[in-house]
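Following: one structure in structure tokens, then a few remarks.
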Amino acid sequence: MKIATYNINGINGRLTNLLRWLEEAGPDVVCLQELKCTDNQFPEKILMDFGYHAIWQGQQSWNGVAILSRYGEIQETKRGLDGDPDDTHSRYIEAFINGVVIGCLYLPNGNPYPGPKFDYKIKWLMRLIAHSQKLLTFGLPVALIGDYNIMPTALDTYKPEKYINNALFRPEARQLWEELLKDGWTDAIRQLYPDQRIYTFWDYLREAYGRNAGLRLDHFLLNQPLHERLVRAVVDADVRGWPHSSDHAPVWIELAESR
DNA sequence: ATGCCTAATGCAATTAGA
């Protein structure tokens with residue numbers, strides 16, 4: 001089972017890239033973030049023609065998350081996180097697919113720090129943790145996948161000193177990430193590559209991709225039953241070099257089928 | 001401190017991204 005995450009940065013503006021990558025990579029499940037489209041604008045038909053069922057939570061101009069699946073109709077289990085009835089951002093959608101609970105998330109960026117956006121990020125992360133603890137009690141395989149907008153350690157950025165006061169690298173966010181790991185979640189990429197510099201995002205500015213001035217922001221957190229099935233983890237970094245690419249690259253993991 | 005780039009909105013310039 002091949003599960004991917006891809007911050008597409010505008011699904012309609014980059015549909016050609018998305019379809020090309022879907023054909024070349026052939027993932028079974030895809031978590032998408034930053035759709036930047038309303039529910040009506042989501043390209044459901046085209047994706048169906050390419051063999052993918054979809055569920056999505058759109059929003060005008062910003063945010064927006066979706067899950068694509070080649071396993072047929074998708075059983076949605078949740079949309080949005082509990083804990084803030086005034087939260088209007090489309091950032092979380094969850095489904096039960098092929099025996100796995102898959103949460104697709106787009107964590108708030110949180111810049112500038114300090115400020116209300118950073119406070120929103122931290123609160124959102126605490127709401128995610130509360131929900132993740134509930135998921136752990138079910139005894140099912142669970143993956144929390146998406147753009148976390150967190151660099152967990154100095155290994156996850158080309159220049160840590162530049163990011164000291166950046167919301168992506170602030171201790172407040174990284175400590176909450178550590179709390180997730182303490183609860184029993186495994187960072188799939190770091191599990192397989194503990195010492196390597198691996199990036200999933202390269203800024204559009206100053207030829208960041210050409211200089212490999214990247215950040216690791218897109219993560220797979222796996223609970224114990226799923227962690228045992230982890231076979232591979234790959235960043236399709238070349239996709240970031242395609243014309244009109246998103247500033248993120250697709251990332252995917254391969255899971256052994258359950259016995 | 002700002003621009004460098006890109007998208008959406010909407011048709012100029014702003015907001016947001018990370």
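For clarity, every value in this text was computed on a predicted model and none was experimentally measured. Below, chains carry the letters A, B, ... as their sequence lines are ordered, and counting in each starts from 1.
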Minimum-distance nucleotide to A/W62 side chain [options: B/dA18, B/dT6, B/dT15]: B/dT15

Whole-Å distance, A/L217 CG to B/dG17 P, equals 13 Å

Please tell me which of the listed nucleotides, B/dG17, B/dC4, B/dA18, lies nearest to the side chain of A/N111? B/dA18

Nearest whole angstrom, please: distance from the C1' of B/dA16 to the NE2 of A/H89. 11 Å

Interatomic distance, A/D203 CG vs B/dG3 C1' [rounded to whole Å]: 12 Å

Can you tell which of B/dA8, B/dG17, B/dA16 lies closest to the side chain of A/S61? B/dA8

If you measure from the P atom in B/dG10 to the same atom in B/dT15, how many Å do you get, rounded? 14 Å

Classify the nucleic acid contact of A/Y113 as base, sugar-phosphate or nothing, counting any heavy atom under 4.0 Å across all strands shown. nothing

May I ask you to say what A/N149 touches in the nucleic acid, namely base, sugar-phosphate or nothing, with a heavy-atom cut-off under 4.0 Å? sugar-phosphate

SB check A/D156 A/R197 (cutoff 4.0 Å): no

Measuring only the P atom in each nucleotide, how far is B/dC11 from B/dA1? A whole number of Å is fine. 33 Å

Considering just the side-chain nitrogens and oxygens of A/Y199, establish if one lies under 4.0 Å of OP1 or OP2 belonging to B/dA18. no

Among B/dC4, B/dT6, B/dT9, find the nucleotide with the atom closest to the side chain of A/R206. B/dC4

Closer than 4.0 Å, any side-chain N/O of A/N7 to the OP1 or OP2 of B/dA18? yes

In whole angstroms, how far is the C1' atom of B/dA7 from the CG atom of A/N17? 14 Å

For atom OH of A/Y209 and atom P of B/dA18, their distance in whole Å: 19 Å

Starting from P on B/dC4, measure out to CZ on A/R211 and report it in whole angstrom. 16 Å

How are the rings of A/F118 and A/Y113 set relative to one another: parallel (under 30°), tilted (30 to 60°) or perpendicular (over 60°)? perpendicular

Phosphate OP1/OP2 of B/dA16 contacted by A/K117 side-chain N/O (<4.0 Å): yes

Classify the side-chain pair A/Y204/A/N9 by whether it contains a donor and acceptor separated by less than 3.5 Å. yes

Using only side-chain N and O atoms of A/H248, determine if any of them is under 4.0 Å from OP1 or OP2 of B/dA18. yes

Go through the side-chain N and O atoms of A/T186 and A/Q191 and say whether any donor and acceptor fall under 3.5 Å apart. no

Roughly how many Å apart are B/dA7 and B/dA12, using the C1' atom of each and rounding to a whole number? 16 Å

Whole-Å distance, A/Y120 OH to B/dA18 P, equals 13 Å

Without decimals, in angstroms, what is the distance between A/L35 CG and B/dA7 C1'? 13 Å

Check every strand shown and say whether A/Y163 touches a base, only sugar-phosphate, or nothing at a heavy-atom separation below 4.0 Å. nothing

Do the side chains of A/R240 and A/D247 get close enough for a salt bridge, i.e. N-O under 4.0 angstrom? no

Using a 4.0 Å heavy-atom cut-off across all strands, classify A/N63 as base, sugar-phosphate, or nothing. nothing

Side chains of residues 41-52 of chain A: which donor-acceptor partners sit under 3.5 Å, not counting sequence neighbours?
from  : atom 1 : to    : atom 2 : distance (Å)
A/Q41 : OE1    : A/T38 : N      : 2.8
A/Q41 : OE1    : A/T38 : OG1    : 3.2
A/Y52 : OH     : A/P27 : O      : 2.6

Closest-nucleotide ordering on DNA chain B, the 5'-leading residue of A/L107 and A/C37: A/C37

Please work out if A/D147 contacts a base, only the sugar-phosphate, or nothing of the nucleic acid, heavy-atom cut-off 4.0 Å. sugar-phosphate

